[in-house]
Amino acid sequence: SARGPSSAAEFHFRHARSVASVVIDSFPPTFLGSGSRCILAIILAMTYPIQVAPVFQLVESTMTLRRPALRAMWPVTRALVVGFTAFASFLIPDMEKMVALTGGVMFSFIGFILPGAFFLKLRPPPATPGQHAPPGQATACEVATAIALVALGTVGGVFSVYSELFASR
């Protein structure tokens, strides 16, 4: 209906200041609020294996690439990854700070570091400096741009972590 969006906007402007920045903190201390927290905890517990599966694959493939004998160590590596995430959640119990850290680091990787690194991997520079790049190889300007992207992303990611962990609010 036409009244729906205006009612939502009106509600937001009237009550936005009373809602905590982390919405779950605004749940009432009733059975309904406790039930909502419990359902959220179950959802997070059920989706954790899906979220961490790519990390398991990356760690295990990196380890076995250099030493195939380590393939049998997969339970240990998975326990270490889970332990690391539990330790990180213990060190940073503030949900807002954790989201800001994750967002800043992932934005740096997705927006800057990975595009430059993928470009350098897929279109390598010429073997001899100063040589004209044949088709399929990167020019000096393209290589410099990719390296600048990786450097900018690295600096941005480090600054994001530093500012979130050590900057006063």
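Numbers for residues simply follow the sequence, beginning at 1.
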Answer yes if [X] and [Y] sit in the same cluster of Ile, Leu, Val, Met, Phe, Trp and Tyr residues linked by side chain heavy atoms under 4.5 Å apart, and no otherwise.
X: Phe107; Y: Ile110; answer: no
X: Val161; Y: Met106; answer: yes
X: Phe112; Y: Val105; answer: no
X: Val81; Y: Leu58; answer: no
X: Leu91; Y: Phe84; answer: no

Verify, without hydrogens or angle tests, whether [X] (side chain) and [Y] (backbone) share a donor-acceptor contact under 3.5 angstrom.
X: Ser34; Y: Phe31; value: no
X: Ser160; Y: Gly156; value: no
X: Thr139; Y: Glu142; value: yes

Point to revise | Stepwise side chain to side chain contact (heavy atoms under 4.5 Å, CB included) check, Tyr48 with Thr85 | key: CA-CA 10 Å; Tyr48 179 78; Thr85 56; 2.7 Å; yes
Point to revise | Check: Gln57/Ser61 side-chain N/O donor and acceptor closer than 3.5 Å | key: no
Review point. If every non-hydrogen atom of Phe109 is compared with every non-hydrogen atom of Pro115, which pair is closest and at what distance?
Key: O-CD, 3.7 Å
Review point. Closest approach of Ala146 and Gly116, non-hydrogen atoms and distance?
Key: CB-O, 3.7 Å
Review point. What's the verdict on side chain to side chain contact (heavy atoms under 4.5 Å, CB included) for Val82 and Val52, showing C-alpha distance, side-chain angles and the deciding distance?
Key: CA-CA 8 Å; Val82 171; Val52 80; 5.5 Å; no
Exercise for review: Give the C-alpha distance, both sets of side-chain angles, the deciding distance and a yes or no for side chain to side chain contact (heavy atoms under 4.5 Å, CB included) between Leu65 and Thr62.
Suggested key: CA-CA 5 Å; Leu65 185 66; Thr62 303; 5.8 Å; no
Review point. Hey, are Arg71 and Glu60 close enough for a salt bridge, meaning a charged N less than 4.0 Å from a carboxylate O?
Key: no
Any side-chain heavy atom of [X] sitting closer than 4.5 Å to one from [Y]?
X: Trp74; Y: Phe56; answer: no
X: Ile113; Y: Leu149; answer: no
X: Ile147; Y: Leu120; answer: yes

Point to revise | Derivation and outcome, side chain to side chain contact (heavy atoms under 4.5 Å, CB included), residues Leu70 and Thr77 | key: CA-CA 10 Å; Leu70 293 177; Thr77 59; over 6 Å; no
